[in-house]
K.L.:
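Questions regarding the structure given below will be posed in turn.
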Amino acid sequence: MYKYIIRRILVFIPMLFALTIIVFGLSQLAPGDALTGKSLADPNVDPEVYEQQREALGLNDPIYVQYWRWISSAAQGDFGDSLIFNGRTVAQLIEDRIANTLYLGLFSLAITIIVAIPIGIYSARKPYSLLDYGATGFGFLGLAIPNFFFGLIAIYVLSINLGWFPSQGTLSTPGITGFEAFVDRIHHMVLPGITLGLAGTATYMRYMRSEVLDVLGSDYIRTARAKGMSDSNVLYKHTLRNALIPIITLMGFEIGVLLSGAVITEQVFQYPGLGTLFLSSVVNRDFPVVMAIAMILGVLILVGNLIADILYSIVDPRIRYD
Amino acid sequence: MMKKNWLFVLALVLTFGIVLAACSEGSSGDQPNESEAEGSDEGEDEAASGEPQMGGTLTGAMDTAPAGVFNPIFYEEAYEDNILSFTHESLLSQNKQLEFKPNLAKEWEINEDQTEITLTLEEGVTWHDGEPFTAEDVVYTYKAISSPGYVEAGGIRTDYVVRLQGYEAFNSGETDEFEGVVAEDDHTVTFKFAEPNVTILKDVSFPIIPEHIFGDVPIAEIPEHPATLNAGEVIGTGPFKFTEMLDREQYVLEKNADYWKSEPYLDKIVWRIVEQSVMLGLLENGEIDFIADPNGVPAADYESVAGVEHIELIEQTDFGYQLMGFKVNHRSDADVEAGKLEPENWEANEDMGEQKIRQAMAYAIDRQAIVDNLLYGHGSVINAPIAQQFWAYDKNAVTQYTYDPEKAKSLLDEAGYVDTNDDGFRETPDGEEWVVNLNYPTGNKLREDSAPILQKFLEDVGIKIELRQPKEMTAYVEELTNDNTDWDLYLLGWSLGSGDPDPSGLWGADAAYNYSRWNNEQSETLMQEAMQAPEAFDQAYRKEKYSEWQSVFSEDLPALLLYAQNKIYGFNKRLQGVDPMPYSFINDPEKWWVTE
């Protein structure tokens with residue numbers, strides 16, 4: 001098992017390396033650079049100024065020179081300075097935002113699991129019941145409504161009209177601390193959390209329902225029932241464990257999905273996390289930031305998959321790695 | 001099976017019902033406000049005539065967070081300007097006629113040939129940390145912008161210093177002696193320019209930063225210095241101090257009780273970052289108090305916001321304009337490669353290079369209809385690229401290009417562009433198929449919407465238009481700049497400064513921003529004469545030259561100016577004492593107060 005984990009982690013290295021080349025290459029292929037967009041903002045600024053800055057930043061160097069410069073400092077843990085946020089290092093920018101995104105991601109994952117799994121199980125046990133149809137309808141709707149649209153409706157109804165939840169940001173006022181800040185933070189996360197978790201909830205629910213239904217129809221369940229095992233024992237001891245396997249696979253990917261889904265949700269709720277930073281950095285060609293976030297996403301997805309694989313062997317004793 | 005399907009449909013209908021109900025709830029929510037609005041005028045007038053009160057907090061909203069460089073010499077965006085306008089001040093400011101007036105400097109004297117200006121500074125002005133403001137701070141600010149390494153560190157404001165005496169020697173590191181700005185004593189400062197300077201007052205009105213904070217900091221480290229980045233450490237002389245921030249969410253300004261003009265009435269001004277689509281909702285329910293620069297209230301929402309009882313709107317002309325440019329000339333591949341702008345090497349663009357074609361297109365487009373329908377009337381049609389607020393703007397000097405499709409057609413006929421094969425579109429004089437491409441960027445919704453409308457107008461007079469796929473701005477600018485391509489028409493917007501109307505930076509033949517690659521001898525001469533000392537010291541003389549220039553521009557027409565959009569500021573009526581300048585909502589914020 002440990003050998004397996006170490007082997008998997010060693011494989012990460014060439015994969016991440018390939019990722020840097022692809023993302024770097026693509027971000028350089030895109031027309032324009034970080035200063036092109038800036039140059040239109042104020043016609044009183046002599047374009048020569050931007051040319052000098054390009055030269056100073058090394059943006060005029062050949063791509064392999066730039067890549068080498070980037071990878072050699074990144075290998076030492078230095079991701080350089082942002083090209084757009086003058087005066088800030090990439091590490092600072094990410095540090096300021098990554099916690100927000102992780103809180104939101106975990107919060108929305110928690111909502112997803114708490115809501116989706118029980119409903120999924122219920123739907124499978126009472127298929128074609130009214131609640132099952134309701135859940136199915138909700139599931140399709142959840143998948144069909146774009147995140148931003150749902151977010152805007154939630155803001156309009158629950159925040160602006162009813163005033164139950166704040167709609168923007170992570171805190172009401174700067175400077176509050178302790179328990180008060182914690183409650184305020186949760187309060188601010190409710191709407192973006194639900195919005196971000198909506199599609200996930202729908203997916204998990206559908207998966208759970210079909211998996212449980214599937215398992216319930218299998219021979220060993222019939223055997224268990226024939227032995228006279230109680231309904232709840234059949235469900236919790238035999239069915240759930242087997243039905244959870246695909247859900248675990250999904251969750252392995254979920255970390256990456258949550259972060260990328262957060263791009264739009266964070267925008268609508270002006271929730272300052274990695275998502276908004278990623279989006280604005282791509283648009284503004286702030287490639288040091290783009291590279292760093294792409295690397296973080298890459299690592300998270302790889303680690304997520306690894307954890308999923310390890311969890312398999314816990315849930316299903318037949319799966320063994322050596 | 002039938003039953004199952006029916007249930008499913010029912011579930012769907014129900015869920016959609018909820019969504020629709022949610023939407024219609026919003027629109028019905030606006031109704032009562034509108035009807036109340038009429039009867040409410042008296043009450044509001046009473047409040048307005050009241051005495052200013054001390055205290056209170058005001059909340060403003062902007063749609064994008066500032067990048068975070070709270071230092072006038074290094075900031076780049078309008079969003080940071082929203083904060084710096086409260087915290088920092090310049091020696092001179094501008095009045096509503098855009099004339100320069102005293103601010104930190106109470107009076108000034110300019111020598112005969114306009115190479116020197118001596119300013120007397122206000123006494124008793126202190127920085128937010130209590131240190132006195134002196135002439136040394138002024139010298140330091142200009143010295144910092146002139147220093148070697150300023151541009152490399154990310155600074156872009158060199159336009160304020162390049163005309164100073166000895167700038168080049170100092171900037172290249174040849175000498176440590178900075179002779180451009182000299183402190184005569186604590187409250188007198190002299191600026192010396194290498195040549196007679198027509199824009200002398202504009203050049204001395206840059207916001208001042210404190211020498212006692214930055215004096216010993218190497219220029220390259222200023223952008224990352226705590227006094228540039230952190231709330232509570234940013235020091236200016238303005239009426240409000242920048243005291244607290246929740247990065248990318250909230251920016252808090254607290255009053256500077258020792259402000260030298262007068263103690264501000266408000267205790268606090270909070271900027272909140274709010275998503276554009278949510279902003280108006282929050283203004284209506286009172287969570288935010290004002291929406292101002294840079295984007296203001298969208299024209300499409302004017303009517304609905306105007307109907308809300310507690311909101312007041314101020315509408316004024318903006319300094320920007322949108323244009324449809326003609327690529328009059330293209331550069332050669334070699335010049336683009338080398339990054340050279342040499343008008344003598346340019347090649348005339350077929351068809352677009354012809355004045356008659358450009359004029360015909362101008363007549364073919366009903367710009368008033370675009371303003372009325374796209375901007376809901378909140379804008380104006382202009383014919384020359386000088387902001388209407390300037391003394392230099394002359395609306396009578398220009399060709400008006402009122403919508404006249406018949407005239408457009410006859411101009412095209414005259415030029416030899418006629419439909420020879422009866423496909424509804426005109427052919428070139430050589431009888432070849434004539435297709436004009438129209439390029440435009442994304443990022444400005446109104447501009448994007450205007451592209452197909454322009455296409456329709458032009459096709460109506462028989463010009464076949466190829467509407468290109470819109471490009472994201474950064475990619476678009478790159479192609480717009482490297483114009484060795486086949487581009488004919490391009491859409492673009494400029495937002496002008498309020499300092500001086502000189503258009504040479506955008507329309508001079510060798511200006512990089514002259515994307516039309518327009519090269520007109522008359523225009524070159526006029527722009528140069530208008531900036532030529534000593535005649536140009538006389539504003540009446542400049543006005544005359546610019547009015548001639550506007551006439552040349554509108555006749556030769558390197559670009560058709562589509563519209564100048566109005567800026568619409570919206571604020572809660574509890575905010576009193578608001579008196580926007582043509583260029584900014586934020587003016588004398590120490591006089592703002594709120595009724596409770």
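A, B, ... follow the sequence lines: proteins, then strands. Residue 1 opens every chain.
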K.L.:
Side chain from CB out, backbone as N, CA, C, O: work out which of these in A:Glu55 comes under 4.5 Å of a heavy atom of chain B, or both, or neither.
P.N.:
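For A:Glu55, no heavy atom lies under 4.5 Å from chain B.
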
K.L.:
Report which part of B:Val252 has an atom under 4.5 Å of a heavy atom belonging to chain A: side chain, backbone, both, or neither.
P.N.:
side chain

K.L.:
Please flag which part of B:Gln250 lies under 4.5 Å from any non-hydrogen atom of chain A: side chain, backbone, both or neither.
P.N.:
side chain

K.L.:
Quiz question: by atom type and distance under 3.5 Å, do the side chains of B:Asn71 and B:Thr228 form a donor-acceptor pair?
P.N.:
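B:Asn71 vs B:Thr228: donor-acceptor pair found between side chains.
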
K.L.:
Which class fits the ring pair A:Phe287 and A:Phe24: parallel under 30°, tilted 30 to 60°, perpendicular over 60°?
P.N.:
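Perpendicular: the ring planes of A:Phe287 and A:Phe24 meet at over 60°.
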
K.L.:
For B:Leu492, is it the side chain, the backbone, both, or neither that has a heavy atom closer than 4.5 Å to a heavy atom of chain A?
P.N.:
side chain

K.L.:
Please look at B:Leu506 and chain A and tell me whether the side chain, the backbone, both or neither of the residue comes under 4.5 angstrom of a heavy atom of that chain.
P.N.:
side chain

K.L.:
Given heavy-atom pairs under 4.5 angstrom as the criterion, report whether the side chain, backbone, both or neither of A:Tyr50 touches chain B.
P.N.:
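For A:Tyr50, side-chain heavy atoms alone lie under 4.5 Å from chain B.
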
K.L.:
Between A:Gly169, A:Ala30, A:Pro47, which has the largest tally of heavy atom pairs under 4.5 Å with chain B?
P.N.:
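Top count of heavy-atom pairs under 4.5 Å with chain B: A:Pro47.
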
K.L.:
Less than 3.5 Å apart, any donor N or O on the side chain of A:Ser129 or A:Asp132 sitting next to an acceptor on the other?
P.N.:
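No - no donor-acceptor pair under 3.5 Å links their side chains.
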
K.L.:
Sort A:Leu171 into side chain, backbone, both or neither according to what part of it lies under 4.5 angstrom from a heavy atom of chain B.
P.N.:
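Contact with chain B: backbone and side chain both.
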
K.L.:
Mark yes or no: B:Arg157 above the aromatic ring of B:Tyr75, with NZ or CZ under 6.0 Å from the six-membered ring centre and no more than 45 degrees from the axis.
P.N.:
yes

K.L.:
Between A:Asp81 and chain B, which part of the residue has a heavy atom less than 4.5 Å away: side chain, backbone, both or neither?
P.N.:
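For A:Asp81, no heavy atom lies under 4.5 Å from chain B.
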
K.L.:
Can you say whether A:Ser280 sits under 4.5 Å from chain B via the side chain, the backbone, both, or neither, judging by heavy atoms?
P.N.:
neither

K.L.:
Run the salt-bridge test on A:Glu95 and A:Arg88 with the 4.0 Å N-O cut-off and return the result as yes or no.
P.N.:
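Answer for the salt bridge query: no.
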
K.L.:
Does any backbone or side-chain atom of A:Arg97 lie under 4.5 Å from a heavy atom of chain B? Answer side chain, backbone, both or neither.
P.N.:
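When you check distances to chain B, only side chain atoms of A:Arg97 fall under 4.5 Å.
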
K.L.:
Side-chain contact, heavy-atom cut-off 4.5 Å: B:Glu275 with A:Gln168?
P.N.:
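A side-chain contact under 4.5 Å exists here.
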
K.L.:
Could you verify whether a donor N or O on one side chain and an acceptor N or O on the other, from B:Tyr79 and B:Asp63, lie under 3.5 Å apart?
P.N.:
yes

K.L.:
In terms of heavy-atom proximity below 4.5 Å to chain B, should A:Ile155 be classed as side chain, backbone, both, or neither?
P.N.:
side chain

